[in-house]
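Right, one structure below, let's go through it.
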Amino acid sequence: MSTIEADLIAPLTDAEVQRIREDFPILRTEVNGHPLAYLDSGATSQRPLAVLDAERAFATGMNSAVHRGAHTLAAEATELFEDARASVARFVGADDDEIVWTSNATEAVNLVAYALSNASLGRGGAASESLRLGPGDEIVTTEMEHHANLIPWQELAARTGATLKVIPLDDQGALRLDAAAELITARTRLVAFTHVSNVLGVINPVAELVGLARKAGALVLLDACQSAPHLPLDVKALDVDFAVLSGHKMLGPTGIGALYGRRALLEIMPPFLTGGSMITTVTTTTAEYLPPPQRFEAGTQRVSQAIALAAAVDYLTAVGMPRIAAHEAAFGARLVDGLSAIDGVRVLGAGIDLPRVGLASFDVDGIHSHDLGQYLDDLGIAVRVGHHCAQPLHRRLGITSSTRASTYLYTTDAEVDAVIAGVAGAIDFFRRGA
Ligand code: PLP
């Protein structure tokens, strides 16, 4: 969806948001004598009844391991588990067998990183061998990545002798596309970058970066953790080879994530974890592996979490991702404008000329983010403080930590205004005390 199309889509009405909030029991909680204002969905989102009910229905009606039992419960569980895969595939525009369940997005990135070094095992023939990185090969990532999309590439480089290159940021925090064009060359084997920054909230120019990677013949991994929950996502339209998702950021439970992988690549990738459930024939010295996605799903699977994640994406689809995106784009602007107007507040990336989601991080002159977070918590306002697993980005912007407010479909204007007023109040409070 282009920005122009997004502008034409009606955001959720107040009445719709109120109806949505009724589906989220936790939003009725009081914290420190105040109604909870949950502005930390970028870390983990809340779960609607549909998701909680799906987990409970599984636990009370058909709890059993999938793909193994001959009994009725196991057959029902297997069917729902595979239906859940199909729901997540539909949600991101993939085919069913291109979705691999993982425990979180971090594991999904590591799965790909290990494939790019373990392909040396010589089990998948020449095609598999061709995936293996070595000295002279380059991996390109960016300075704004969550550590989950950085450290696995550092380790991959260390294992294989490949070189890791990092696209730098400009003084505002935006990706320097001029530098990207120079860094991505015929030596580049993989370009891994985040769709939406978990600190800046900006939506990165995927098409430009994918274009550079394609021209160089490199693979692309998209970190969709902060985009899939908030924007319509179509991995085929974006033309990426891999995308990683984090279930607990998109109304699902913890303990479940997913990897989208282009089928032709999954077919030649070696497994990450090995053991039960991912094999056809095993002898004491050899094992034949199942085709994807089962090849990558070793051990007893997270069945209730997968079924609950499917309930989550069905819920999001029913509300409508374009409308959720429009709802949150307005919050992004409201947060950036409202916080920037406060003397002593610097919103990170405020000057970046890119569309954004409902997420803003900020630094307050003279107040540590942990003190600010505590002050807001006393008012019932939940925000995130610290480096948000993005230390290089913070270092580039000259700080060690920040405070982050992040919204979702259930967020109200009043909650966003409460954060802005809370920050102004905190500055008053700490300056008076100073
Ligand atoms: N990538 C981004 C952009 C994130 O925001 C996060 C979580 O904060 C992750 C990756 C890692 O997700 P998980 O902790 O679910 O593996």
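Order of listing sets the numbers, starting from 1, for every ligand and every atom in it.
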| Among His147, His388, His146, which one satisfies ring pair (Phe, Tyr, Trp, His ring centres under 6.0 Å) with His394? | His388
List ligand 1's nitrogen or oxygen atoms that come under 3.5 Å of a protein nitrogen or oxygen, with the partner atom and distance.
unit_1, atom_1, unit_2, atom_2, d
ligand 1, 1 (N), Asp223, OD1, 3.3
ligand 1, 1 (N), Asp223, OD2, 2.6
ligand 1, 5 (O), Gln226, NE2, 2.7
ligand 1, 8 (O), His146, NE2, 3.2
ligand 1, 8 (O), Lys249, NZ, 2.6
ligand 1, 15 (O), Ser246, OG, 2.7
ligand 1, 15 (O), His248, NE2, 3.0
ligand 1, 16 (O), Ala105, N, 3.2
ligand 1, 16 (O), Thr106, N, 2.8
ligand 1, 16 (O), Thr106, OG1, 2.6

| For Val313, does its backbone N or O pair with a side-chain atom of Thr317 as donor and acceptor, under 3.5 Å? | yes
| query | How close do Val423 and Val364 get, heavy atom to heavy atom, and via which atoms? | reply | CG1-CG2, 4.2 Å
| note | Those residues at least two apart in sequence (or on a different chain) that pass salt bridge (Lys or Arg N to Asp or Glu O under 4.0 Å) with Glu145 are none
| note | Sequence neighbours excluded, the answer for side-chain contact (heavy atoms from CB on, under 4.5 Å) partners of Ser369 is Val385, Ser401, Thr403
| task | Kindly state each residue pair satisfying side chain to side chain donor-acceptor pair (under 3.5 Å) with at least one member in residues 194-212, sequence neighbours excluded. | result | His195-Ser227
